[in-house]
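Working notes, beginning with the structure itself.
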Amino acid sequence: MARAIQLSIENVRSGRGGPFGCVIVKDGAIIAEGANQVTLTNDPTAHAEVLAIRQAASKLGSFELNGCELYTSCEPCPMCLGAIYWARLSRVYFGNTAADASKIGFDDSLIYREIAQSHTQRAIPMIQMMREEALAAFRAWQEKPDKIIY
């Protein structure tokens, strides 16, 4: 956790991004780390946790990070939380809370509220279209004998 916090502080002081740092540990050793790079790279997905997950998956050659633990300087946002579950990390440790982040302008509460809304009631309308055509990809997936399940 100390390294994740150090990364978050260094990131602010260097001007590279927001106050968020993350490390991923496997068998007691850091195998990946990341610091927020949203404004540096103009990539809204370049959160510390996502960058660390990408690095760890690449290093381990696997999209599953079973047996790995994630240490992050702040409670993960909804996007990062989703990535954590998809990566199947074993445990998450965090420093600051979502409420702490909200106090300095990083408020995720809108996203949590939006998830609970129906598609048509969201601030960004979600409009379904061409479902039957889109289902062709799902049928192809179901029929694929050599698919890699994830």
Taking atom types as modelled, is there a side-chain donor on Thr97 or Asp100 under 3.5 Å from an acceptor on the other?
-> yes
Group every Ile, Leu, Val, Met, Phe, Trp and Tyr by side-chain heavy-atom contacts under 4.5 Å, then state whether Met79 and Ile24 land in the same group.
-> no
For the atom pair CZ (Arg113) and CD1 (Ile111), what is the distance rounded to the nearest 0.5 Å?
-> 10.0 Å
side-chain contact (heavy atoms from CB on, under 4.5 Å) between Val38 and His47, intermediate numbers included | CA-CA 6 Å; Val38 170; His47 289 204; 3.6 Å; yes
Same apolar cluster (I L V M F W Y, side chains within < 4.5 Å links), Ile9/Ile30 = yes
If you group Ile, Leu, Val, Met, Phe, Trp and Tyr by side-chain heavy-atom gaps below 4.5 Å, do Leu60 and Leu70 land in one group?
-> yes
For Ile124, look at atom CD1 and say whether over 12 heavy atoms of other residues, nucleotides or ligands are found less than 6.0 Å away.
-> no
Hey, are the side chains of Ile104 and Phe106 touching, using non-hydrogen atoms and a 4.5 Å cut-off?
-> yes
At what distance, to the nearest 0.5 angstrom, does CG of Leu51 lie from CD of Glu33?
-> 11.5 Å
Between the CG atom in Leu7 and the OG atom in Ser14, the distance rounded to the nearest 0.5 Å is 10.0 Å
Spell out, yes or no, whether Leu81 and Ile53 are grouped together once hydrophobic residues are joined by side-chain heavy atoms under 4.5 Å, including indirect joins.
-> no
So NZ of Lys26 and CG of Leu89: to nearest 0.5 Å the spacing works out to 10.0 Å
So OG1 of Thr72 and CE of Met1: to nearest 0.5 Å the spacing works out to 7.0 Å
What pairs with Gln6 under side-chain hydrogen bond (donor to acceptor under 3.5 Å, both in side chains), at least two apart in sequence or on another chain?
-> Arg3, Glu10
Does one hydrophobic cluster hold both Ile5 and Val25, with members joined at side-chain heavy-atom distances below 4.5 Å?
-> yes
Measure the OH-SG distance between Tyr112 and Cys77 for me, rounded to the nearest 0.5 Å.
-> 7.0 Å
Would you call Cys80 and Val50 a side-chain contact if the rule is heavy atoms closer than 4.5 Å?
-> yes
How close do Glu69 and Arg91 get, heavy atom to heavy atom, and via which atoms?
-> OE2-NH1, 3.2 Å
Do other residues, nucleotides or ligands put more than 12 heavy atoms under 6.0 Å from Lys103 NZ?
-> no
Would you mind reporting whether Arg54 and Thr45 have side-chain heavy atoms less than 4.5 Å apart?
-> yes
Electrostatic pair Arg122:Glu114 at N-O distance under 4.0 angstrom = no
Give the ring-plane orientation class for Tyr71 versus Tyr93, where under 30° counts as parallel, over 60° as perpendicular and anything between as tilted.
-> parallel
Would you call Ser8 and Asn96 a side-chain contact if the rule is heavy atoms closer than 4.5 Å?
-> no
